[in-house]
Amino acid sequence: MADDKKLTTRAQDFSAWYNEAVLRAELADYSPVRGCMVIRPNGYGIWERMQRALDDMFKATGHQNAYFPLFIPESFLKKEAQHVEGFAPETAVVTHGGGKKLEEPLIIRPTSETIIYSMFAKWVHSYRDLPLLINQWANVVRWEMRTRLFLRTLEFLWQEGHTAHATHDEAEDEARRMLGVYRDFMEAWMAMPVVTGQKTDAERFAGALRTYSCEAMMQDNKALQAGTSHNLGQNFSKAFDLTFQSESGSLEHAWNTSWGVSTRLVGGLVMTHGDDNGLRVPPLLAPIELVVVPIYKTDEERTQVVEAANRIVAGLHDWERRRPGRLRVHLDARDGIKPGAKYYEWELKGIPLRMEIGPRDLAKEQCVLVRRDTREKRPTSLNTLGEDVAELLVRVQEDMLIAARERREANSIRERITYDRFREVMDGDGAFVYAGWCGNPACETAVKEETKATIRVLPDEEFRSAEAPTACLKCGQGASAEALWAKAY
RNA sequence: CGGGACGUAGCGCAGUCCGGUAGCGCACCUGAAUGGGGUUCAGGGGGUCGCGGGUUCAAAUCCCGCCGUCCCGACCA
């Protein structure tokens, strides 16, 4: 819809709005291969900043980066029974190489547990080799039936951490710790609040003992599984003979964890913060934090204003040396495009802060700063510009998280709810519903069939309701746990 | 794999019923004016009409076959 200047209204069709927003903000494009996407520089810039921040966090928690092969022998995948059952239906398989049929087909990794733990088995001999903490940045392939830009593509970029530990408790601590790292990242960097907790057996990773996840609420009140962390127990170490000699001399199987987040986060960012004018990117992740738009009529004015703008940008660069990290500022000096058109373009891309500067401003030694999140305009003196910009960026980052959290809570139901009412809610606007679960998988399945909602997680304590639910949402029998029920992407 | 729709310029579409010179909007290029929230005017470039076959003097249009995409279900980070 190149001639339609406004984005589709979210209320009418959030999915249509999402596709439109992603394409028009030039985050991604469709590729010639169905279900795969091309990430454009603007989208990759956001992902790159996510990558860097996460990588720093992984380094700080003692993990090292490594790289493992794209191809996995078919027999490897089959070594862990649940794992192959879970992933076999969605694998891409290479059967020919060099013009000849291969003796053993090669799977294009849907995830790397098998190849990584087969190597861990070579590297680990003693309890002194543990814990082994590895992360890899890679692309993986899962042959999904239905795809959506960023949220579910056949091929996607991600990070997968894989660790080996001497005891169950150490592995459990690691899985929980990395879930916390994800949560911190999503809230502090993405301004995207999440509910953490444990997955039910139905939603557990194929081959894991326990799966933990971060669930974020999108603007259509659906949940997005934004990151997962698994305690794999000894399932893979037994399948790949990953053993070590303990301090007491006995031979034992190691305990593994794995955890990952993907380019799906970029989609989550769009679905959390976007509005009818396009994206809203939190300052910490914005490839450009501040865009300067000069305003002028005549050529003389243009010369004068652009020169002044260049001076101001240089001044900001000078000032920024006192601030950690370089201020990412862009002067949009393109001629022949009216300022209004530039405003729309940068708003569409979600640049958090805009500076408008023209002859009238220069005469008053000021400029106008405009926040993308609230679109609030504020005249600002050029003398204190550095401090004001820095302060505004911090405030925008904070306010976006607060706004997202308020929206989530406004669409959460914690009061006791009947199943009929629950069905109405799920048929209507949807919500995060905190209600009891008896622990019976049959109830979970029945609800999924009837409403398409599932148990997203059994929330961690801090997310649970003040009063523990007493009855199962579906069967009304005694509740053994509180569950977060919602529709999901 | 079941149900529905579509395939015509970079994007969005009209034209198909009723066969007769390949069109529109946006984007792009040139020029001029304009410039504090999506500028205006004038000129211009760009398409084997998804692919293959058939009917016909003549096919985007009718017939047959194939391919592809999107939406709705089952699968999923």
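Lettering of chains follows the sequences in order, A, B, ..., and the numbering in each one begins at 1. Worth knowing before you read on, the calculation uses all heavy atoms, side chains too, and leaves out hydrogens, waters and symmetry mates. Note that the coordinates shown come from a computational prediction; the quantities given were computed from them, not determined experimentally.
Counting non-hydrogen atoms under 4.0 angstrom, A/Gly260 reaches nothing in the nucleic acid. Nucleic acid contact class of A/Pro359 (heavy atoms, under 4.0 Å, all strands): base. Residue contacts shown for A/Ser262 include a base, since a base heavy atom lies under 4.0 Å away.
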- prompt: Once each nucleotide of nucleotides 66-72 of chain B is scored for protein heavy atoms under 4.0 Å, what B/S/- sequence comes out, 5' to 3'?
  reply: ---SS-S

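For B/G35, its base sits under 3.5 Å from the side chain of A/Asp335 at one donor and acceptor pair at least.
Aromatic ring centres of A/Phe236 and A/His83 lie closer together than 6.0 Å.
Look at A/Lys338 and you'll find a side-chain N or O under 4.0 angstrom from OP1 or OP2 of B/G36.
Checked against salt bridge (Lys or Arg N to Asp or Glu O under 4.0 Å), A/Asp275 has the following partners two or more places apart in sequence or in another chain: A/Arg372. Under the side-chain hydrogen bond (donor to acceptor under 3.5 Å, both in side chains) criterion, A/Arg302 pairs with A/Tyr296, sequence neighbours left out. In this view, A/Pro105 and A/Glu74, A/Val93 satisfy the side chain to side chain contact (heavy atoms under 4.5 Å, CB included) rule, not counting sequence neighbours. By the side-chain hydrogen bond (donor to acceptor under 3.5 Å, both in side chains) test, A/Asn235 pairs with no residue at all, sequence neighbours left out. The salt bridge (Lys or Arg N to Asp or Glu O under 4.0 Å) test applied to A/Asp201 returns A/Arg204, not counting sequence neighbours. Listed by chain and residue number, nothing satisfies the side-chain hydrogen bond (donor to acceptor under 3.5 Å, both in side chains) test with A/Ser118 (two or more places apart in sequence, or in another chain). Evaluation of the side-chain hydrogen bond (donor to acceptor under 3.5 Å, both in side chains) rule for A/Glu444 yields A/Thr200 as partners, not counting sequence neighbours. Not counting sequence neighbours, A/Asp220 has no partner by the salt bridge (Lys or Arg N to Asp or Glu O under 4.0 Å) test.
A heavy atom lying under 4.0 Å from RNA chain B marks the following residues of residues 373-383 of chain A, by number: A/Arg375, A/Lys377. Near RNA chain B, meaning a heavy atom under 4.0 Å away, the residues from residues 347-357 of chain A are A/Glu347, A/Arg354, A/Glu356.
Across B/G38, B/G36, B/C75, the shortest atom-to-atom separation from the side chain of A/Ala341 is found for B/G38.
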Under 3.5 Å, which donor-acceptor pairs do the side chains of residues 35-51 of chain A form with other protein atoms, sequence neighbours left out?
unit_1: A/Asn42; atom_1: ND2; unit_2: A/Ala25; atom_2: O; d: 2.7
unit_1: A/Arg49; atom_1: NE; unit_2: A/Leu284; atom_2: O; d: 2.8
unit_1: A/Arg49; atom_1: NH2; unit_2: A/Leu284; atom_2: O; d: 3.1

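Nearest-nucleotide mapping onto RNA chain B: of A/Leu362 and A/Trp158, the residue sitting toward the 5' end is A/Leu362. Remark on RNA chain B: of its neighbouring residues A/Leu154 and A/Met145, the 5'-side contact belongs to A/Met145, judged by nearest-heavy-atom nucleotide.
To the nearest 0.5 Å, atom NZ of residue A/Lys79 and atom OH of residue A/Tyr117 are 15.5 Å apart.
Base pairing annotation: B/C13 forms a Watson-Crick or G-U wobble pair with B/G23, both donor-acceptor distances under 3.5 Å. In this structure, B/U69 forms a base pair with B/A5, meeting either the Watson-Crick or the G-U wobble geometry with both donor-acceptor distances under 3.5 Å.
You cannot call A/Tyr343 stacked on the base of B/G37; the centres under 5.5 Å and planes under 30° rule is not satisfied.
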